[in-house]
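Atom set for the values below is all heavy atoms of this structure, side chains included, hydrogens, waters and symmetry mates excluded.
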Amino acid sequence: MKSMSNVDIYTISDELNKLLSGARVDKSFQPTKDIVVVRFHVPGTGRVDLVMQCGSRIHTSQYPLDNPTIPPSFPMLLRKRIKGAHVESIKQHNFDRVVEIKVKKDKYYTIIVEIFDKGNIILLDEENNIIQPLKRKQLSSRDISSKREYQFPEERGINPIEITQEELKELFENGDSDVVRTLAMNGLGSLYSEEILKRANETVEIEKTTPTAELNDEQIAGIFNALKNLFDDLKEGSIKPQIVKKDKKEDVVPLNLVKYEDFEKTYYSNFNEACDEFYSKKVNSSIKDVKEAAWNKKVNKFEKRLALQQETLDNFAKTIEDSQHKGEVIYSNYPSIENIINVVNSARGKGYSFKEIGKILKKAKKDGMAEAQIYESIDKMGVLTLDIDDTKLIIDPKLTIPENAETYYEKAKKAKRKSKGALIAIENTKKQLEEIRSKKDIAMEHIAVPKKRVKKDLKWYEKLRWFLSSENILVVGGRDANSNENVVKKYLEPNDIYLHADIHGASSTAIKLNGTELNDKILKESGEFAASFSSAWSKGFTTQDVFWVRPDQVSKTPEAGEFLAKGSFVIRGHRNYIRGARVKLAIGIVDYEGKRIMAGPIEALEAHCENYVVLKPGFTKKEAIAKKILHKINEDDLLTLDDIIRVLPSGKCDIDEEYHQRKKYEKN
């Protein structure tokens, strides 16, 4: 996969600086060993994900990558040190493939993104010392290790934005290669070096193999003018971000290039968007290969187990058939076998050794004695090997004929018993194999078709907590201090009802009655909603008291000498209580002004949709539970993981399996 050029990074850095300056740093993630994603909150825009891949790319992305369940140490360090910081600046270092992201929290920090060679991502303190690198490296000129002072790579190449004609002439005079190679080795790469020469040839003739030392002043002027013509647009921000395609060749560039004039072009509003489309699908493809190999390893494990179990079952079947046949052969040849056993036992009675008996039987067979023709061998313990009609029999002379036959029949019975266990094991393995193949197909489909995260136009109530009651009454609640303030100041009308869980840390909730009479059912459902979106959930409570009052009892005016924090209110007069409101929620897709996700009391979800998931306070992290919910309710592919996470209560959750089992039983 193509690595970003110096020109690409110049353009990206400029765009990122304009977009993210002043943005708040949120969480950090590490989807793969060399990709780190930092999430920002941009005022007026919202969430912005910045993808940084060592030695390859840096750009914003709308294509979320799957993150490991347990975050690696580097993103956890970023969360600890810079979460909540604000971006001061983002810039390219010396027109090199290095980006500096400076942020300020309690003090200044810098994230260095190296995109040359295999690259690196490094967190620095305000004194330019390395706090931690993603990859520790010890080079001859640089030591990239914790507590070491960070050294930028040695400055090399030219800055085409700032270079003068005299500096370019000096570069060529000191060069010992041709024009294109000299420009390429000085930071412009082969693409832009060839582009500059193509543009220069519109005014003056220059062969690409011309040694730089042989260039005349007119040719140098032509190259300089072509260079300035190309990069002046970049300097002024007059760019044309595009992905170009022709046959199997594909590239992403910030400018119109003569080299690509006959290519099919797709233009984008900014270079970050173009890079996102270009790189994200390619990276997803490489991630798919890695994950597919991991899944194949799991599948192969069960396939090998199944093959081994099938082979064992086949061996049992062969043992059963072979042992039963041998038992039958013994009975069919009773007199012959009895004769040879008698010979052995008689000889032993006369003091002959088994070795001597063997010699006697071998000679008798050779001499054509009929009774000895079935003899094959005898071991030092006296056990005979007989060959009757190409069937090898092991006969112990110390046992009777029926006892020798029973040895084979018992062997067949034992193999039959074992084959039953083998069949059960094979069925279990087949189920496990089918399950793992199914999981692989789902996982690979998810990776193969990355979903672009598109910002949705939310209804006013979707920006809050909300649900539609079983009687079609809209109930809204605050998500934080700001939205709690808005619920009361903007949305609580004189005929509405205000609710609040009787616990510190809860959502201000408003029942939008719109002329409907208040009744116990509405209060019960709204009480459960207010209780669930409170700190009672994170504390693991199963019930919580909730009070309700009329809007005129809710005031922002504190008592004399008191202070009210943002989102807090004074309640005056009598409070009505909903005792022991259930702390439990259901989540599903409802059709209310279009299809949308809703989290609310179970009765409300039962009334408005058939497929929903019931949650209770538990032990599963939001991302993990959201994936399970998405799999269960996202039948028409309407939702993303973020949509689910957005409506979940604060704190860990579990699916209420007991509720769902009971519902399943009731249906049956």
Side-chain angles (χ1 to χ4, degrees), residues 22 24 41 43-44 46 84 86 458-469 471 473-539 541 543-583 585 599-601 604 646-647 649-651:
R24 187 183 76 247
H41 179 80
H86 286 84
L458 300 176
K459 298 288 185 181
W460 68 268
Y461 50 83
E462 287 184 288
K463 296 174 184 177
L464 306 167
R465 303 285 190 190
W466 72 280
F467 81 95
L468 192 66
S469 79
E471 296 181 347
I473 302 298
L474 180 64
V475 179
V476 296
R479 305 182 66 88
D480 50 30
N482 284 332
S483 52
N484 275 342
E485 196 96 6
N486 287 337
V487 165
V488 174
K489 288 185 174 180
K490 289 177 67 175
Y491 304 117
L492 187 65
E493 296 176 310
N495 294 322
D496 293 341
I497 296 294
Y498 176 85
L499 298 92
H500 195 281
D502 197 17
I503 189 173
H504 179 72
S507 172
S508 281
T509 304
I511 304 174
K512 305 294 294 172
L513 287 173
N514 287 328
T516 305
E517 285 292 324
L518 183 65
N519 59 51
D520 290 343
K521 194 171 186 180
I522 296 172
L523 280 173
K524 178 181 179 295
E525 292 177 17
S526 302
E528 289 182 7
F529 178 81
S532 297
F533 287 113
S534 75
S535 57
W537 189 284
S538 57
K539 292 177 188 295
F541 295 173
T543 62
Q544 173 61 46
D545 291 347
V546 175
F547 67 81
W548 64 271
V549 295
R550 299 289 176 178
D552 57 10
Q553 294 178 252
V554 184
S555 173
K556 190 65 182 172
T557 307
E559 299 295 337
E562 292 184 355
F563 168 77
L564 281 179
K566 195 166 192 177
S568 298
F569 299 92
V570 174
I571 306 298
R572 293 188 168 91
H574 175 71
R575 300 184 184 195
N576 305 282
Y577 277 88
I578 304 165
R579 298 294 181 184
R582 184 171 52 176
V583 181
L585 286 171
R646 180 177 171 78
V647 301
S650 298

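- In this structure Asp480 satisfies the side chain to side chain contact (heavy atoms under 4.5 Å, CB included) test together with Asn482, Ser483, sequence neighbours excluded.
- Judged as a salt bridge (charged side-chain N to carboxylate O under 4.0 Å, His left out), the pairs with a partner in residues 544-555 (not counting sequence neighbours) are, in order, Asp545-Arg579.
- Residues passing the side chain to side chain donor-acceptor pair (under 3.5 Å) test with Glu493, sequence neighbours excluded: Lys512.
- With rounding to the nearest 0.5 angstrom, the CD1 atom of Ile511 is 8.5 Å from the CH2 atom of Trp548.
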Would you tabulate the side-chain donor-acceptor contacts of residues 524-531 under 3.5 Å, counting partners in other chains and residues two or more places apart, or write 'none'?
from, atom 1, to, atom 2, distance (Å)
Lys524, NZ, Glu528, OE2, 2.9
Lys524, NZ, Glu603, OE2, 3.2
Glu525, OE1, Ser470, N, 3.1
Glu525, OE2, Ser470, OG, 2.5
Ser526, OG, Ile522, O, 2.8
Glu528, OE1, Arg582, NH2, 3.3
Glu528, OE2, Arg582, NE, 3.4
Glu528, OE2, Arg582, NH2, 3.4

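- Put simply, CG on Leu499 and OH on Tyr577 are 12.0 Å apart, with the number rounded to the nearest 0.5 Å.
- Remark: Asp502 CG to Ile578 CD1 distance equals 11.5 Å, nearest 0.5 Å.
- In this structure, Ser469 contributes its side chain and Glu471 its backbone to a donor-acceptor pair below 3.5 Å.
- Atom NZ of Lys556 has more than 12 heavy atoms from other residues, nucleotides or ligands within 6.0 Å.
- Taking the side chain to side chain donor-acceptor pair (under 3.5 Å) definition, one finds that Asp520 meets it with nothing, sequence neighbours left out.
- Of all heavy-atom pairs between Val570 and Pro558, the closest is CG2-CA, 4.0 Å.
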_Step-by-step side chain to side chain contact (heavy atoms under 4.5 Å, CB included) determination, Ile571 to His500_ = CA-CA 10 Å; Ile571 306 298; His500 195 281; over 6 Å; no
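- Residues Trp537 and Ser650 come closest through the heavy atom pair CD1-O, 3.5 Å.
- When each of Thr509, Leu458, Asn484, Val487 is tested with Leu464 by the rule side-chain contact (heavy atoms from CB on, under 4.5 Å), just one qualifies, namely Val487.
- Under the side chain to side chain donor-acceptor pair (under 3.5 Å) criterion, Ser555 pairs with Arg572, not counting sequence neighbours.
- The CD atom of Gln553 sits 7.5 Å away from the CG atom of Asn576 when rounded to the nearest 0.5 Å.
- Counting heavy atoms from C-beta outward, Ser508 and Tyr498 have side chains that approach closer than 4.5 Å.
- Under the side chain to side chain contact (heavy atoms under 4.5 Å, CB included) criterion, Asn486 pairs with Lys490, Tyr491, sequence neighbours left out.
- By the side chain to side chain contact (heavy atoms under 4.5 Å, CB included) test, Ser538 pairs with Ser535, sequence neighbours left out.
- Side-chain contact between Leu518 and Leu523: present, with at least one pair of heavy atoms (C-beta onward) separated by less than 4.5 Å.
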*Taking it one step at a time, do His86 and His41 satisfy side chain to side chain contact (heavy atoms under 4.5 Å, CB included)?*
CA-CA 9 Å; His86 286 84; His41 179 80; over 6 Å; no
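- With sequence neighbours excluded, the residues satisfying side chain to side chain donor-acceptor pair (under 3.5 Å) with Lys489 are Glu485.
- Across Ser532 and Pro649, no two heavy atoms sit closer than the pair O-CB, 3.9 Å.
- In this structure the side chain of Arg646 never reaches within 4.5 angstrom of the side chain of Glu462, judged on heavy atoms.
- For the atom pair Phe467 CZ and Ile473 CD1, the distance stands at 10.0 Å (nearest 0.5 Å).
- Atoms CZ and CH2, from Phe533 and Trp466 in turn, are 11.0 Å apart once rounded to the nearest 0.5 Å.
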